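Atoms within a ligand are numbered from 1 in the order they appear, just like the ligands themselves. All values reported here derive from a predicted model rather than from experimental measurement.
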Amino acid sequence: MCGVIGIYDNEEVIGKIYTAMLTIQHRGQDSSGILTFDKRYHVKKGNGLVRDIFDQYNIDRLKGNIGIGHTRYPTVGEGSVEDAQPFWIGHPFGIAGAHNGNVTNFQELKEELLEKSHKMINSNCDVEVILNIFAEYIERYQEKEFTPETVFKAVKYVYRRVKGSYSVVIHIAGKGMVGFRDPFGLRPLLFGINKDRLVPAYGFASESVSLDVTGFTEIMDVEPGSAIFIDHSRKVFQKKITTKAFRPCIFEYIYFARPDSYLNKINVYNSRVELGRRLAKKIKRQNLEIDVVVPVPDSARAAAIEIARVLKLKYREGLVKNRYIGRTFIMPGDSIRKQSIRYKLNPIKDVFRGKNVLLIDDSIVRGNTSQSIIQMVRNAGAKKVYFGSYSAPLTNPCVYGIDMQTKGEFIALDSTPEQIAAKITADSVIYQDLNEMEQGVRQQNKNIRSFCKACFTGIYPTGDVSNEILAQIERERYSQRKDNGNHTPNM
Ligand code: 5GP
Ligand code: SF4
Ligand code: MG
């Protein structure tokens, strides 16, 4: 997953971009970049956390009232700084951008751009392809005058050629800034207005929290298959360009997004509470003898509190997390990842000693985390350990920008909950039912008929994910792991 920010203000924008970037750090910790524009582009990108990349020198250097920021968790790409976003190209006008998602026909487009348009894509970054295709339309087909319609047609051209998921912010030098979401609206993108100005300020962000903390008071979703363009005099134009079935990613609510964010008019925290409530009902039917409910911090906290409440059980924060270690799955390499779970979490022995424990987590992917935690809790003296996942069994890779590993790595592939319990050494594993999971998130916005839940079902909503694409993604992930060993390739 990645995070993207775009702000157009009437004062220096770097402070707001930097602040906004800190609020989406959880969406990617591999690289960060900021690009601003006054009369030219100023760029700083690097591998690492926002707070480590930008020092006072860079902050002072990043001048201008328009800026784009990006935090990356790599999808394809070698994780090198050359692949860090935002990207810019000089022609026509100067076009810069960043995105969140994964372009599934990236290799094909890269070859096509070279063969047909003689454009070399120098990075392994999807957005370089998107920018070149966007630019190609403006360069080749624009009418005499550049108007908002030119921008919308260029977005339409992107929709025609680019497959997969993408929420994009693009700046066109001297013309304005546009934000758009792919036709299925797989990845989130929000638009904010700050009217506390003579001419309002505008912003785009992957999560509403970023716009919240930087003073945007009116916040709305960019609709799927739609674009919002702010021209150089900061007039706003909006257009629905194509209509496909809206299929936002359900995993944003389960795990990725911050609890205080609202995406597609659904609050993330409330979704997790509701998922907890629904899982509690299922657990109740199993008549387990449970003394205490303990969340795996941090994502599972909201659900676990609700589970304890519904089941009328004690809730205890029995696992203490070291806040200064990143998300475990972002750690390089599988063996370091396994160890790092132990460095990251420590049990409070008194909570577990002699108790039957219900551990709650958002999901089980490979099962490494859950197995280590169960062992940890048993070593702390627990009698029985039950494990509840408030999402359904994950069995398929995500091709839309979330690291889901290769197919063979999913512990739930071809295994029943009983077999999974045996593998991760739990006394029992309780998964959320798929339908309950979807209805639980949908409850806050019934206009969404269905979500993307391909990692649970293997049904990819864009309809163009062939076995060949899946095989290619598997190959890329394996080979990158081999070559590079120092990071898990993914979003
Ligand atoms: P695993 O079962 O792979 O050892 O780890 C599962 C844990 O990783 C869960 O606690 C969950 O919070 C976290 N996780 C959530 N989403 C992802 C993801 O997209 N990729 C990976 N690798 N881990 C994730
Ligand atoms: Fe989200 Fe899963 Fe769909 Fe990927 S496959 S977009 S993680 S729901
Ligand atoms: Mg977790």
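Using a 4.5 Å heavy-atom cutoff, the side chains of Arg187 and Tyr400 are in contact. Between Ile307 and Ile305 there is no side-chain heavy-atom pair separated by less than 4.5 Å.
Counting heavy-atom neighbours within 6.0 Å of Lys284 NZ, excluding the residue itself, gives a total of 12 or less. The 12-atom threshold is exceeded at CD of Gln443, counting heavy atoms of other residues, nucleotides or ligands nearer than 6.0 Å. Heavy-atom neighbours of Glu289 CD from other residues, nucleotides or ligands within 6.0 Å: at or below the threshold of 12. More than 12 heavy atoms of other shown residues, nucleotides or ligands fall within 6.0 angstrom of atom CG in Asp52. Around the NZ atom of Lys282, the shell of radius 6.0 Å holds more than 12 heavy atoms that belong to other residues, nucleotides or ligands.
Considering backbone and side-chain N/O of Ser299, none are found under 3.5 Å from N/O of ligand 1. Checking only distances, Ser370 never comes within under 3.5 Å of ligand 1, N or O to N or O. Residue Ile402 has no nitrogen or oxygen atom sitting less than 3.5 Å from a nitrogen or oxygen atom of ligand 1, judged on distance alone. For ligand 1, the polar-atom distance check finds no N/O of Val296 at less than 3.5 Å from any of the ligand's N/O atoms.
Near Asn368, meaning under 4.0 Å from any of its heavy atoms, are these atoms of ligand 1: 1 (P), 2 (O), 4 (O). Close approach to Arg366 involves these atoms of ligand 1, each under 4.0 Å from a residue heavy atom: 1 (P), 2 (O), 3 (O), 22 (N). Taking every heavy atom of Gly367 and a limit of under 4.0 angstrom, the matching atoms of ligand 1 come to 1 (P), 2 (O), 3 (O), 4 (O). Close approach of ligand 1 to Phe251 is summarised as follows: ligand atoms under 4.0 Å from at least one heavy atom of the residue are 16 (N). For ligand 2 and Arg187, the ligand atoms under 4.0 Å from any heavy atom of the residue are 6 (S). For ligand 2 and Phe251, the ligand atoms under 4.0 Å from any heavy atom of the residue are 1 (Fe), 7 (S). Against a heavy-atom cut-off of under 4.0 Å, Cys455 is close to the following atoms of ligand 2: 2 (Fe), 5 (S), 7 (S), 8 (S).
For atom 14 (N) of ligand 1, the choice among Tyr255, Phe410, Phe256 with the nearest heavy atom turns out to be Tyr255. Of the listed residues (Ile424, Asp362, Ile411, Val365), the one carrying the non-hydrogen atom nearest atom 11 (C) of ligand 1 is Asp362.
For Glu252, the heavy-atom gap to ligand 2 stays at 4.0 angstrom or more.
Within the 2.8 Å limit, Cys249 places at least one N, O or S atom next to atom 1 (Fe) of ligand 2. Among the backbone and side-chain atoms of Cys398, an N, O or S atom lies under 2.8 Å from atom 4 (Fe) of ligand 2.
Using cut-offs of 30° and 60° for the angle between ring planes, the Phe180 and Tyr159 rings count as perpendicular.
At a 4.0 Å heavy-atom cut-off, ligand 2 does not touch Arg247 at all. Under 4.0 Å from ligand 2, the heavy atoms of Lys453 that appear belong solely to its backbone.
Side-chain atoms of Ser391 come within 3.5 Å of backbone atoms of Asp362 as a donor-acceptor pair (strictly under, hydrogens ignored).
Residue His70 holds its NE2 atom at 3.5 Å from CD of Gln85, rounded to the nearest 0.5 Å. How far SG of Cys2 is from CD1 of Ile24: 9.0 Å, rounded to the nearest 0.5 Å.
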